[in-house]
**Q** 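Starting off with a structure, shown below.
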Amino acid sequence: MAGKIENEASSSSSRRSENRGESVIVDVGKRRSSCGYCKSVGRTSISHGLWAHSITVDDYQDLLDQGWRRSGCFLYKPEMENTCCPSYTIRLKAGDFLPSKEQLRVSRRMQRFLDGTFDGKKPVLLTDESNASNSAAKQNDSKNSEERSKEEQSVLFFSDHIDDAIHAWGANGEFPTGFHFPRASVKKISHAKKKLIEGFEDLQYSSNISFQIAAALKRSNISEISPETISEKLTDLLNKRGELAGFTARACKGHINIHSASKQISSREGSEIVNTCSQAPRSGGAKRICMVKNSACPQKKQQKLEIRLRRSSFDPEEYALYRRYQIKVHNDSEDHVMESSYKRFLVDTPIVFVPPTGDDTVPPCGFGSFHQQYIIDERLVAVGVVDILPRCLSSKYLFWDPDLAFLSLGKYSALQEIGWLNENQVYCPSLQYYYLGYYIHSCSKMKYKASYVPSELLCPLRYQWVPFHTARPLLDKRPYVILSDFANLQNEESSQQQNPDCNLELQHHNPGEEMIAVSDEDEDLMEPDFEGSGDDSDSETNDVLSLDELKDGNVGNILVGLKNSRYRYKDLVRVFGSTENNYLESRLHRYKKVVGSGLSERMVYSL
């Protein structure tokens, strides 16, 4: 009898898998751990966990579409109603991707770096000393024109950095969606003016943007923040970003003043300031950065970038780069970054590899877990850890060379992964989506994910995909939202022609009007190592089932693995006693709820 049951369950599983293996999991149950996002004191992060011995690409794709993620072989799904930081799966349809101006600048910056026209060094800007050294040349009209051009480049440099600080401040959620900040303007302080102000000899530039922002906020009835408060906030951001090329920002009675921190900045001989970025007008949003080019030094040779896709495996060179990255970028201690934890987090995978089939159902690389290496002139500079599945490329993590932070490799790799999807749709048309992991609205380090537009969030209850521009105003109000309720209501109301004035508060939001600003240090965090898979977590195996969970249907068809055999649970009831059955059924009800009816009948629930 047992053999008959085994053959029936196994043959059903094999017919469905189409030689793609089988999924075998162990139910870990509810997990409580400390939260790496809100840094709460207690164990406020609540999720359900599964340990996967193996999982097919089809089953893992379906789990992603129900809000699951993986850390190595550990699968987890937040309990959205109860956890401290609800985590929404976010994705983007690659073919619809609209790159922002900043994302386009990242691509151009990499190309200039490879061409040898950009080395990532801080720009050398015009100061009073360089003005004085060129005073004799002011007799010549062409020299005057060149000097004015250099001054304009310096003014644009500081204006753009102040604008970046403003948008980074605005992205923190302190202001309502759709508020447009005025553009910053910067003026050069003349030598004569500085002589009139004692102690301001090193003052070079100044901006009154804080007064303009305060006035705009007051006109919009948003808030009344004083120019002094605004200028202090912006100067703090400017100095923390450390991109002012040896200058420092100081707040003074609402003004943002730029002071030269060192007189050595203008002492280079044989150097000229050249504009190595796009010549687009400033109104178009392109940042102009003045870079130093030494006329006595030859231009750098061109470099070659290679992108290699390898199946997930341990590579000593990758591990060495990971160690440097974790220690320098995330400030981990050396003894905390161990080879064993690296393997468990980024190398181990339960996903069963599917080789290419030569038809349009599998891409040339196959399905499975991969490491995408970025190599410049035989030097490994970044590694993206990804899962390639039947309908998507799921980005898990990225680590990069800290010496190349100026290249924004997090943004660059995301653009390459989106491009890879578009290229491989020719070979596998079902590959359409780019999954960026979880989006946590309250976590500033996650907000950059929504800058890849048009993105969608997964409804935590009905597993429908909702446009981000619909979800964002709702998440501004509360962390947990059944997104599909509002999306469906919006669709119904927009279709009621007889009532054109009826709208949700979301209706007039244009997702293209603003982009979420983010600093480069945040862009690499695709998915953190899940705390619940380690020792700092508690399992709850004896918690009481709710009435909803008990009503979740019959568990008799759940596929169970016992002693290397496969059974339907209904065929095992007579094997166990009443106590064992009661305990097991309570576990199976909860398991069915968190993975869904279909997956519970396909994946092997290992006892």
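These numbers come from the heavy atoms of this one structure, side chains and all, not from hydrogens, waters or symmetry mates. Along the sequence shown, residues are numbered consecutively beginning with 1. Worth saying up front: this structure is predicted, and the values here are computed from it rather than measured.
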**Q** For Pro390 versus Ser430, what's the shortest heavy-atom pair and its separation?
**A**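 For Pro390 and Ser430, the tightest heavy-atom pair comes out as O-OG, 2.6 Å.
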**Q** So, Tyr583 versus Phe576, ring centres under 6.0 angstrom or not?
**A**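 No; Phe576 has its ring centre 6.0 Å or more from that of Tyr583.
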**Q** Kindly write out the residues that satisfy salt bridge (Lys or Arg N to Asp or Glu O under 4.0 Å) with Asp65, not counting sequence neighbours, or none if the list is empty.
**A**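 Result, salt bridge (Lys or Arg N to Asp or Glu O under 4.0 Å) vs Asp65: Arg391.
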**Q** Any idea how Phe399 and Tyr397 line up, ring-wise: parallel (<30°), tilted (30 to 60°), or perpendicular (>60°)?
**A**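 Ring orientation of Phe399 relative to Tyr397: tilted.
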**Q** Tell me whether the guanidinium CZ or amine NZ of Arg311 lies under 6.0 angstrom from the six-membered ring centre of Phe353 and within 45° of its axis.
**A**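 Geometry flag: set, cation within 6.0 Å and 45°.
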**Q** Could you report the tightest heavy-atom contact between Gln103 and Phe97, atom names first, then the distance?
**A**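 Where Gln103 meets Phe97 most closely, the heavy atoms are OE1-CZ, 3.4 Å.
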**Q** Establish, yes or no, whether a centroid distance under 6.0 Å links the rings of Tyr88 and Tyr438.
**A**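 Here the rings of Tyr438 and Tyr88 have centres that are no less than 6.0 Å from each other.
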**Q** A side-chain contact here means heavy atoms from C-beta on lying under 4.5 Å apart; do Ile375 and Val381 qualify?
**A**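 Heavy-atom side-chain distance check fails, nothing below 4.5 Å.
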**Q** Salt bridge (Lys or Arg N to Asp or Glu O under 4.0 Å) with Glu601: which residues, sequence neighbours excluded?
**A**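 Checked Glu601 against salt bridge (Lys or Arg N to Asp or Glu O under 4.0 Å); zero matches.
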**Q** Is it the case that more than 12 heavy atoms not belonging to Glu334 sit under 6.0 Å from its CD atom?
**A**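 No, not enclosed.
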**Q** Establish, yes or no, whether a centroid distance under 6.0 Å links the rings of Tyr439 and His441.
**A**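 Judged by ring-centre distance (under 6.0 Å), Tyr439 and His441 do meet the cut-off.
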**Q** Can you give me the closest heavy-atom contact between Pro402 and Lys328, atom names plus distance?
**A**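 Closest pair (atom of Pro402, atom of Lys328, distance): CG-CB, 3.9 Å.
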**Q** Listed by chain and number, what are the salt bridge (Lys or Arg N to Asp or Glu O under 4.0 Å) partners of Glu339, not counting sequence neighbours?
**A**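 Per chain and number, Glu339 pairs via salt bridge (Lys or Arg N to Asp or Glu O under 4.0 Å) with Lys343.
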**Q** Hey, does Leu321 have a side-chain heavy atom less than 4.5 Å from the side chain of Trp400?
**A**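 No, too far: nothing below the 4.5 Å cut-off.
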**Q** Considering residues at least two apart in sequence or located in another chain, which fulfil the ring pair (Phe, Tyr, Trp, His ring centres under 6.0 Å) criterion with Tyr569?
**A**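 In terms of ring pair (Phe, Tyr, Trp, His ring centres under 6.0 Å), with neighbours along the sequence ignored, Tyr569 is linked to no residue.
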**Q** Please identify each residue that fulfils side chain to side chain donor-acceptor pair (under 3.5 Å) with Asn422, with sequence neighbours left out.
**A**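 None.
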**Q** Measure across Arg69 and Leu64 and return the closest heavy-atom pair with its distance rounded to 0.1 Å.
**A**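 Minimum heavy-atom contact is NH1-CD2, 3.7 Å.
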**Q** Under a 4.0 Å N-O cut-off, is there an ion pair linking Arg379 with Asp401?
**A**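 Yes, Arg379 and Asp401 are salt-bridged.
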**Q** Please determine whether a side-chain nitrogen of the Lys or Arg among Asp62 and Arg602 lies less than 4.0 Å from a carboxylate oxygen of the Asp or Glu.
**A**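 Counted as a salt bridge, because a side-chain N and a carboxylate O are separated by less than 4.0 Å.
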**Q** Show every donor-acceptor pair shorter than 3.5 Å between a side-chain atom in residues 362-370 and any protein atom, with sequence neighbours excluded, or say none if there are none.
**A**
from   : atom 1 : to     : atom 2 : distance (Å)
Ser369 : OG     : Arg70  : NH2    : 3.2
Ser369 : OG     : Thr349 : OG1    : 2.7
Ser369 : OG     : Asp387 : OD1    : 2.8

**Q** Just wondering, more than 12 heavy atoms not from His53 lying within 6.0 Å of its NE2?
**A**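 Enclosed.
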